[in-house]
Amino acid sequence: MTTAAGRFAPSPSGALHVGNLRTALLAWLFARTTGRAFRIRMEDLDRTALGADAQQLADLATLGIEWDEPVIHQTDRLDVYRSVIAELTAAGETFECFCTRREILEAPSAPHSPDGAYPGTCRTLTAARRAEKIAAGRPPAIRLRTAVDEFTVIDTQLGEYTGMVDDFVICRGDGTPAYNLAVVVDDAAQGVDQVVRGDDLLSSAPRQAYLATRLGYHRPGYSHVPMVLGDKGVRLSKRDGAVTLGDLAAAGVSTPIVLSRIAESLDLAEHGEIVDAATLATRFDPAALPRDPWIVTPDIWG
Ligand code: GLU
(Lines give C-alpha, C1' and ligand atoms only; values in the text may rest on other atoms or scores of the structure.)
Protein backbone atom coordinates (compact mmCIF):
# COMPACT_ATOMS: atom_id res chain seq x y z
CA MET A 1 0.00 0.00 0.00
CA THR A 2 2.39 2.68 -1.11
CA THR A 3 0.06 4.87 -3.18
CA ALA A 4 -0.67 8.22 -1.54
CA ALA A 5 -4.04 7.91 0.07
CA GLY A 6 -6.78 9.65 1.96
CA ARG A 7 -8.99 7.79 4.37
CA PHE A 8 -12.13 7.56 6.41
CA ALA A 9 -11.80 5.88 9.79
CA PRO A 10 -15.17 5.37 11.43
CA SER A 11 -15.81 3.68 14.74
CA PRO A 12 -18.31 0.90 13.98
CA SER A 13 -20.48 1.57 17.02
CA GLY A 14 -23.69 2.00 15.04
CA ALA A 15 -24.99 3.39 11.76
CA LEU A 16 -23.25 6.51 10.43
CA HIS A 17 -25.24 9.69 10.91
CA VAL A 18 -25.38 12.54 8.43
CA GLY A 19 -22.47 14.25 10.15
CA ASN A 20 -20.25 11.20 9.72
CA LEU A 21 -21.49 10.81 6.14
CA ARG A 22 -20.63 14.42 5.36
CA THR A 23 -17.13 13.97 6.76
CA ALA A 24 -16.76 10.75 4.74
CA LEU A 25 -17.88 12.54 1.59
CA LEU A 26 -15.38 15.31 2.23
CA ALA A 27 -12.55 12.85 2.85
CA TRP A 28 -13.47 11.09 -0.41
CA LEU A 29 -13.63 14.39 -2.32
CA PHE A 30 -10.26 15.52 -0.97
CA ALA A 31 -8.69 12.17 -1.91
CA ARG A 32 -10.24 11.59 -5.31
CA THR A 33 -9.77 15.15 -6.56
CA THR A 34 -6.07 14.92 -5.76
CA GLY A 35 -5.50 11.56 -7.45
CA ARG A 36 -5.21 9.66 -4.21
CA ALA A 37 -6.39 6.23 -3.21
CA PHE A 38 -9.20 6.26 -0.65
CA ARG A 39 -9.01 3.76 2.17
CA ILE A 40 -11.35 2.78 4.94
CA ARG A 41 -10.32 1.69 8.36
CA MET A 42 -12.70 0.39 10.98
CA GLU A 43 -11.59 1.75 14.34
CA ASP A 44 -13.05 -1.06 16.37
CA LEU A 45 -10.75 -1.14 19.39
CA ASP A 46 -13.56 0.31 21.49
CA ARG A 47 -17.25 -0.34 21.68
CA THR A 48 -18.66 -1.84 18.49
CA ALA A 49 -22.09 -2.96 17.38
CA LEU A 50 -22.49 -6.23 15.56
CA GLY A 51 -22.83 -5.66 11.82
CA ALA A 52 -22.26 -1.90 12.07
CA ASP A 53 -19.16 -2.08 9.87
CA ALA A 54 -21.04 -3.73 7.00
CA GLN A 55 -23.90 -1.25 7.43
CA GLN A 56 -21.52 1.69 7.33
CA LEU A 57 -19.89 0.43 4.13
CA ALA A 58 -23.29 -0.12 2.54
CA ASP A 59 -24.33 3.44 3.42
CA LEU A 60 -21.15 4.92 1.99
CA ALA A 61 -21.65 2.93 -1.22
CA THR A 62 -25.25 4.15 -1.49
CA LEU A 63 -23.99 7.72 -1.47
CA GLY A 64 -21.60 6.89 -4.31
CA ILE A 65 -18.49 6.90 -2.14
CA GLU A 66 -16.25 4.08 -3.29
CA TRP A 67 -12.96 2.99 -1.76
CA ASP A 68 -9.85 0.96 -2.40
CA GLU A 69 -9.75 -2.46 -0.85
CA PRO A 70 -8.90 -3.86 1.57
CA VAL A 71 -10.94 -2.33 4.37
CA ILE A 72 -8.93 -2.92 7.51
CA HIS A 73 -10.11 -3.53 11.08
CA GLN A 74 -7.93 -2.42 13.96
CA THR A 75 -8.79 -5.53 15.95
CA ASP A 76 -6.94 -7.56 13.28
CA ARG A 77 -3.80 -5.52 13.88
CA LEU A 78 -3.19 -5.84 17.61
CA ASP A 79 0.13 -7.61 17.02
CA VAL A 80 1.34 -4.77 14.82
CA TYR A 81 0.53 -2.15 17.48
CA ARG A 82 2.06 -4.28 20.21
CA SER A 83 5.29 -4.66 18.28
CA VAL A 84 5.54 -0.88 17.85
CA ILE A 85 4.87 -0.41 21.57
CA ALA A 86 7.53 -3.02 22.33
CA GLU A 87 10.02 -1.27 20.05
CA LEU A 88 9.46 2.09 21.72
CA THR A 89 9.73 0.44 25.11
CA ALA A 90 12.96 -1.36 24.21
CA ALA A 91 14.38 2.00 23.13
CA GLY A 92 13.54 3.47 26.56
CA GLU A 93 10.93 5.80 25.08
CA THR A 94 7.99 4.74 27.23
CA PHE A 95 7.13 4.38 30.89
CA GLU A 96 4.51 2.52 32.84
CA CYS A 97 1.84 4.67 34.43
CA PHE A 98 -0.20 3.48 37.38
CA CYS A 99 -2.24 6.66 37.85
CA THR A 100 -6.00 6.54 37.87
CA ARG A 101 -7.94 9.19 36.00
CA ARG A 102 -8.80 10.75 39.30
CA GLU A 103 -5.20 10.90 40.49
CA ILE A 104 -4.28 12.65 37.25
CA LEU A 105 -7.04 15.20 37.67
CA GLU A 106 -6.13 15.84 41.27
CA ALA A 107 -2.35 15.99 40.85
CA PRO A 108 -0.81 19.44 40.95
CA SER A 109 0.23 20.10 37.39
CA ALA A 110 3.92 20.42 36.70
CA PRO A 111 5.24 23.95 36.25
CA HIS A 112 4.80 25.18 32.67
CA SER A 113 2.59 22.25 31.72
CA PRO A 114 -0.78 23.20 30.27
CA ASP A 115 -4.07 22.27 31.89
CA GLY A 116 -5.11 18.72 31.22
CA ALA A 117 -1.55 17.59 30.46
CA TYR A 118 -0.33 14.44 32.17
CA PRO A 119 1.44 15.75 35.30
CA GLY A 120 4.38 13.35 34.96
CA THR A 121 3.69 11.42 38.17
CA CYS A 122 5.03 8.05 36.96
CA ARG A 123 7.71 9.35 34.61
CA THR A 124 10.46 9.02 37.19
CA LEU A 125 9.09 6.29 39.43
CA THR A 126 11.82 4.48 41.33
CA ALA A 127 12.10 0.71 40.88
CA ALA A 128 10.91 0.25 44.47
CA ARG A 129 7.78 2.37 44.00
CA ARG A 130 7.08 0.61 40.73
CA ALA A 131 7.37 -2.79 42.39
CA GLU A 132 4.96 -1.61 45.11
CA LYS A 133 2.40 -0.51 42.56
CA ILE A 134 2.71 -3.76 40.65
CA ALA A 135 2.32 -5.71 43.89
CA ALA A 136 -0.82 -3.68 44.62
CA GLY A 137 -2.21 -5.23 41.44
CA ARG A 138 -2.83 -2.12 39.44
CA PRO A 139 -2.24 -2.84 35.74
CA PRO A 140 -0.16 -0.04 34.22
CA ALA A 141 -0.91 1.92 31.10
CA ILE A 142 2.08 2.68 28.89
CA ARG A 143 2.87 6.30 28.10
CA LEU A 144 5.21 7.77 25.53
CA ARG A 145 8.11 9.65 27.10
CA THR A 146 7.81 12.80 25.03
CA ALA A 147 10.63 15.25 24.47
CA VAL A 148 8.44 18.28 23.66
CA ASP A 149 5.50 20.10 25.27
CA GLU A 150 3.83 21.07 22.03
CA PHE A 151 3.98 20.40 18.33
CA THR A 152 2.80 22.26 15.25
CA VAL A 153 0.79 20.86 12.37
CA ILE A 154 -0.32 22.55 9.18
CA ASP A 155 -3.98 22.22 8.37
CA THR A 156 -5.26 23.07 4.89
CA GLN A 157 -8.47 24.51 6.32
CA LEU A 158 -7.31 26.05 9.57
CA GLY A 159 -3.69 27.00 8.94
CA GLU A 160 -0.91 26.41 11.43
CA TYR A 161 -2.05 24.81 14.67
CA THR A 162 0.16 24.31 17.69
CA GLY A 163 -1.17 22.03 20.39
CA MET A 164 -0.14 20.30 23.55
CA VAL A 165 1.87 17.08 23.50
CA ASP A 166 2.09 15.47 26.91
CA ASP A 167 3.29 11.99 27.85
CA PHE A 168 0.20 10.44 26.29
CA VAL A 169 -1.03 6.89 26.66
CA ILE A 170 -0.07 4.51 23.86
CA CYS A 171 -1.34 1.34 25.54
CA ARG A 172 -4.20 1.27 28.02
CA GLY A 173 -4.11 -0.50 31.37
CA ASP A 174 -6.26 -3.30 29.98
CA GLY A 175 -3.62 -3.96 27.31
CA THR A 176 -5.56 -2.36 24.44
CA PRO A 177 -3.39 -0.19 22.20
CA ALA A 178 -4.54 3.42 22.46
CA TYR A 179 -6.30 5.34 19.69
CA ASN A 180 -3.43 7.82 19.25
CA LEU A 181 -0.97 5.01 18.59
CA ALA A 182 -3.20 2.90 16.35
CA VAL A 183 -4.13 5.89 14.15
CA VAL A 184 -0.50 6.78 13.54
CA VAL A 185 0.62 3.21 12.84
CA ASP A 186 -2.33 2.58 10.53
CA ASP A 187 -2.08 5.82 8.59
CA ALA A 188 1.55 4.97 7.85
CA ALA A 189 0.72 1.35 6.97
CA GLN A 190 -2.12 2.42 4.67
CA GLY A 191 0.00 5.03 2.87
CA VAL A 192 -2.26 7.80 4.19
CA ASP A 193 -0.70 11.19 3.59
CA GLN A 194 -3.95 13.15 3.81
CA VAL A 195 -6.04 13.09 6.98
CA VAL A 196 -9.51 14.61 6.60
CA ARG A 197 -11.73 14.39 9.66
CA GLY A 198 -13.95 16.36 12.01
CA ASP A 199 -12.39 19.32 13.75
CA ASP A 200 -13.18 17.78 17.14
CA LEU A 201 -9.96 15.82 16.52
CA LEU A 202 -7.78 18.85 15.81
CA SER A 203 -6.29 18.81 19.31
CA SER A 204 -5.13 15.20 18.78
CA ALA A 205 -3.21 16.08 15.63
CA PRO A 206 -0.06 17.45 17.35
CA ARG A 207 0.33 14.28 19.44
CA GLN A 208 -0.20 12.08 16.42
CA ALA A 209 2.12 14.06 14.17
CA TYR A 210 4.76 14.03 16.90
CA LEU A 211 4.46 10.27 17.33
CA ALA A 212 4.69 9.77 13.56
CA THR A 213 7.93 11.75 13.62
CA ARG A 214 9.27 9.72 16.53
CA LEU A 215 8.53 6.53 14.62
CA GLY A 216 10.28 7.83 11.50
CA TYR A 217 7.06 7.96 9.45
CA HIS A 218 6.13 10.69 7.01
CA ARG A 219 3.70 13.06 8.66
CA PRO A 220 0.38 13.29 6.86
CA GLY A 221 -1.19 16.60 5.89
CA TYR A 222 -4.33 17.53 7.81
CA SER A 223 -7.70 18.95 6.86
CA HIS A 224 -10.00 19.27 9.83
CA VAL A 225 -13.51 20.03 8.68
CA PRO A 226 -16.37 21.68 10.60
CA MET A 227 -18.54 19.49 12.74
CA VAL A 228 -22.19 18.82 12.20
CA LEU A 229 -24.29 19.98 15.10
CA GLY A 230 -27.80 19.10 16.23
CA ASP A 231 -30.65 21.21 17.47
CA LYS A 232 -29.00 22.39 20.67
CA GLY A 233 -25.75 23.35 19.00
CA VAL A 234 -23.99 20.27 20.31
CA ARG A 235 -22.38 17.55 18.26
CA LEU A 236 -24.98 15.64 16.27
CA SER A 237 -25.95 12.29 17.73
CA LYS A 238 -28.66 9.69 17.59
CA ARG A 239 -30.47 11.69 20.26
CA ASP A 240 -31.24 14.26 17.60
CA GLY A 241 -33.74 11.84 16.08
CA ALA A 242 -33.67 10.61 12.51
CA VAL A 243 -30.09 11.18 11.44
CA THR A 244 -29.02 7.95 9.75
CA LEU A 245 -29.88 7.01 6.16
CA GLY A 246 -32.07 4.21 7.49
CA ASP A 247 -34.01 6.46 9.88
CA LEU A 248 -34.40 9.15 7.26
CA ALA A 249 -35.62 6.68 4.63
CA ALA A 250 -38.18 5.41 7.12
CA ALA A 251 -39.32 9.01 7.59
CA GLY A 252 -39.71 9.43 3.82
CA VAL A 253 -36.42 11.23 3.12
CA SER A 254 -34.70 9.44 0.25
CA THR A 255 -30.94 8.99 0.00
CA PRO A 256 -30.66 11.36 -3.03
CA ILE A 257 -32.27 14.09 -0.91
CA VAL A 258 -29.85 13.39 1.93
CA LEU A 259 -26.91 13.68 -0.48
CA SER A 260 -28.43 16.85 -1.92
CA ARG A 261 -28.74 18.45 1.53
CA ILE A 262 -25.19 17.47 2.44
CA ALA A 263 -23.96 18.93 -0.87
CA GLU A 264 -25.95 22.11 -0.26
CA SER A 265 -24.39 22.43 3.20
CA LEU A 266 -20.97 22.33 1.49
CA ASP A 267 -22.00 24.98 -1.07
CA LEU A 268 -21.70 22.31 -3.77
CA ALA A 269 -25.35 22.15 -4.83
CA GLU A 270 -28.48 24.27 -4.96
CA HIS A 271 -31.32 23.53 -2.59
CA GLY A 272 -33.14 20.44 -3.82
CA GLU A 273 -30.70 19.76 -6.65
CA ILE A 274 -30.17 16.05 -7.15
CA VAL A 275 -26.46 15.42 -7.66
CA ASP A 276 -24.22 12.40 -7.64
CA ALA A 277 -20.89 12.14 -5.88
CA ALA A 278 -18.93 12.21 -9.15
CA THR A 279 -20.53 15.57 -10.07
CA LEU A 280 -19.66 16.94 -6.64
CA ALA A 281 -16.04 16.00 -7.32
CA THR A 282 -16.04 18.25 -10.41
CA ARG A 283 -17.26 21.18 -8.27
CA PHE A 284 -15.09 20.60 -5.23
CA ASP A 285 -12.75 23.37 -4.08
CA PRO A 286 -11.32 22.95 -0.57
CA ALA A 287 -10.59 26.68 -0.29
CA ALA A 288 -14.28 27.47 -0.81
CA LEU A 289 -15.65 25.10 1.83
CA PRO A 290 -17.78 26.68 4.55
CA ARG A 291 -15.89 27.20 7.81
CA ASP A 292 -18.91 27.05 10.10
CA PRO A 293 -20.59 23.96 11.52
CA TRP A 294 -23.64 22.60 9.72
CA ILE A 295 -26.69 22.64 11.97
CA VAL A 296 -29.00 19.70 11.34
CA THR A 297 -32.53 20.12 12.65
CA PRO A 298 -35.52 17.97 11.67
CA ASP A 299 -36.96 20.76 9.49
CA ILE A 300 -34.06 20.78 7.00
CA TRP A 301 -35.33 17.63 5.29
CA GLY A 302 -38.67 19.09 4.17
N1 GLU B 1 -12.44 6.83 14.68
C2 GLU B 1 -12.51 8.24 14.91
C3 GLU B 1 -13.96 8.68 14.94
O4 GLU B 1 -14.81 7.98 14.43
C5 GLU B 1 -11.81 9.03 13.80
C6 GLU B 1 -10.34 8.99 13.93
C7 GLU B 1 -9.60 9.75 12.86
O8 GLU B 1 -10.19 10.10 11.82
O9 GLU B 1 -8.41 9.96 13.05
O10 GLU B 1 -14.24 9.72 15.49
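Note that the structure is predicted; figures quoted are calculated from it, not measured. Numbering of ligands and ligand atoms starts at 1, following listing order.
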Would you tell me whether Asp167 and Thr146 have side-chain atoms, one donor and one acceptor, within less than 3.5 Å of each other? yes
For Leu50, does the CG atom sit with more than 12 other heavy atoms under 6.0 Å from it, leaving out its own atoms? no
Could you give the N/O to N/O pairs under 3.5 Å linking ligand 1 and the protein, each with its distance?
residue, atom, partner, partner atom, Å
ligand 1, 1 (N), Ala9, O, 2.8
ligand 1, 1 (N), Ser11, OG, 3.2
ligand 1, 1 (N), Glu43, OE1, 2.5
ligand 1, 4 (O), Ser11, OG, 3.2
ligand 1, 8 (O), Arg7, NH1, 2.6
ligand 1, 9 (O), Arg7, NH1, 3.4
ligand 1, 9 (O), Arg7, NH2, 3.0
ligand 1, 9 (O), Tyr179, OH, 3.0
ligand 1, 9 (O), Arg197, NH1, 2.8

Applying side-chain hydrogen bond (donor to acceptor under 3.5 Å, both in side chains) to Asp155 and His224, what does each step give before you reach the verdict? CA-CA 7 Å; Asp155 186 285; His224 287 90; 2.7 Å; yes
Sequence-distant partners of Thr62, side-chain hydrogen bond (donor to acceptor under 3.5 Å, both in side chains), two or more places apart: none
Under 4.0 Å between a Lys/Arg side-chain N and an Asp/Glu carboxylate O for Asp187 and Arg41? yes
For a side chain to side chain contact (heavy atoms under 4.5 Å, CB included) with Tyr81, tell me which candidate from Asp79, Leu78, Val84 qualifies. Leu78
